[in-house]
Amino acid sequence: MNEAVIFDMDGTLFQTDLILEPSLEDTFQRLREEDLWEDETPLEQYRSIMGVSLPVVWETLLPNHTKVEQKRANEWFQKSLIENIRNGLGELYPYTNHVLQELTDRSISVFIASNGEEEYLHTIANQFALNDWVSGVYSIQVINSGDKSDLVHKIMNDHNISEALVVGDRRSDIRAAKANNLLAVGCKFDFSQEGELEEADVVIEDLRSVLELATQLPHHLHVNKV
């Protein structure tokens, strides 16, 4: 029986907040230089939607721009994110390495399912040597629907997983768990919004709590929120 923990990346394992502001500022400065933006950088607006798919990000931040302009903005943003990661601006959340190592020692597979783009995710994985523990990094780009529920389903099928936890900080993570009849673990970290984690089976404020929850596999016990 194959058991796993499927983690979101941004706001769950990786402290995206550390690179978010400089990367967004870089992007909107480029937009200003191209006479495509005049106002302040919409940092708080981006924080409020952090974790949604990238097309939705740019449709929200640049609703009056063309698809081509939105695509260019996303390309600039991704380039800046990757440069900032490689320059050492990002960090993992506390205890990430410890949790991943312990799960691996218990023969519980670890996967990442994210709405981020592939190059961005693999840059984080390489920068922080996550591949020492992670069996697969899955970007939303690998499925056509753009639905994280389908992404989690693909991971389950690809690796013949029978029981798993899904750990994330946004409603899409919780719903992905529910859609696949898995335990939904909500992370109350930087980006979780009021009400988004209401449907979670458990809400945690420390990644080490995942280790205790993983002892419930393969029983898939539902517990009260803590």
How long is the gap from [atom1] on [X] to [atom2] on [Y], to the nearest 0.5 Å?
X: C187; Y: D173; atom1: SG; atom2: CG; answer: 8.0 Å
X: E34; Y: E69; atom1: CD; atom2: CD; answer: 9.5 Å
X: S53; Y: Q141; atom1: OG; atom2: CD; answer: 11.0 Å
X: T96; Y: F7; atom1: OG1; atom2: CZ; answer: 8.0 Å
X: I174; Y: L183; atom1: CD1; atom2: CG; answer: 9.5 Å

* To do: Would you please classify the geometry between the Y93 ring and the F189 ring as parallel, tilted or perpendicular, with 30° and 60° separating the classes?
  =>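 Ring orientation of F189 relative to Y93: tilted.
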Going by heavy atoms in the side chains, are [X] and [Y] under 4.5 Å from each other?
X: F28; Y: P42; answer: yes
X: K148; Y: V166; answer: no
X: S172; Y: N115; answer: yes
X: L31; Y: W76; answer: yes

* Is a salt bridge present between E102 and R106, judged by a nitrogen-to-oxygen distance below 4.0 Å? ->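 So E102 pairs with R106 through a salt bridge.
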* **Electrostatic pair R47:E44 at N-O distance under 4.0 angstrom** =>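 Looking at R47 and E44, the cut-off is met.
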* Asked: Who pairs with D158 by salt bridge (Lys or Arg N to Asp or Glu O under 4.0 Å), at least two apart in sequence or on another chain?
  ->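 With sequence neighbours excluded, D158 shows a salt bridge (Lys or Arg N to Asp or Glu O under 4.0 Å) to K154, given in chain and number order.
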Tell me which donor-acceptor pairs under 3.5 Å the side chains of residues 18-27 have, and how far apart each pair is, sequence neighbours excluded?
| unit_1 | atom_1 | unit_2 | atom_2 | d |
| --- | --- | --- | --- | --- |
| S23 | OG | I19 | O | 2.9 |
| S23 | OG | S80 | OG | 3.4 |
| S23 | OG | L81 | N | 3.4 |
| S23 | OG | N84 | ND2 | 2.8 |
| E25 | OE1 | T41 | OG1 | 2.8 |
| D26 | OD2 | S80 | OG | 2.8 |
| T27 | OG1 | S23 | O | 2.9 |
| T27 | OG1 | F77 | N | 3.4 |

* Stepwise side chain to side chain donor-acceptor pair (under 3.5 Å) test for Q70 and N74 -> CA-CA 6 Å; Q70 291 172 0; N74 182 59; over 6 Å; no
* To do: Might you work through the side chain to side chain donor-acceptor pair (under 3.5 Å) test for H122 and N126, ending with a clear yes or no?
  => CA-CA 6 Å; H122 286 289; N126 292 333; 5.7 Å; no
* Asked: Picking from I112, V137, I85, what satisfies side-chain contact (heavy atoms from CB on, under 4.5 Å) with I124?
  ->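 So, applying the side-chain contact (heavy atoms from CB on, under 4.5 Å) to I124 and each of I112, V137, I85, only I85 qualifies.
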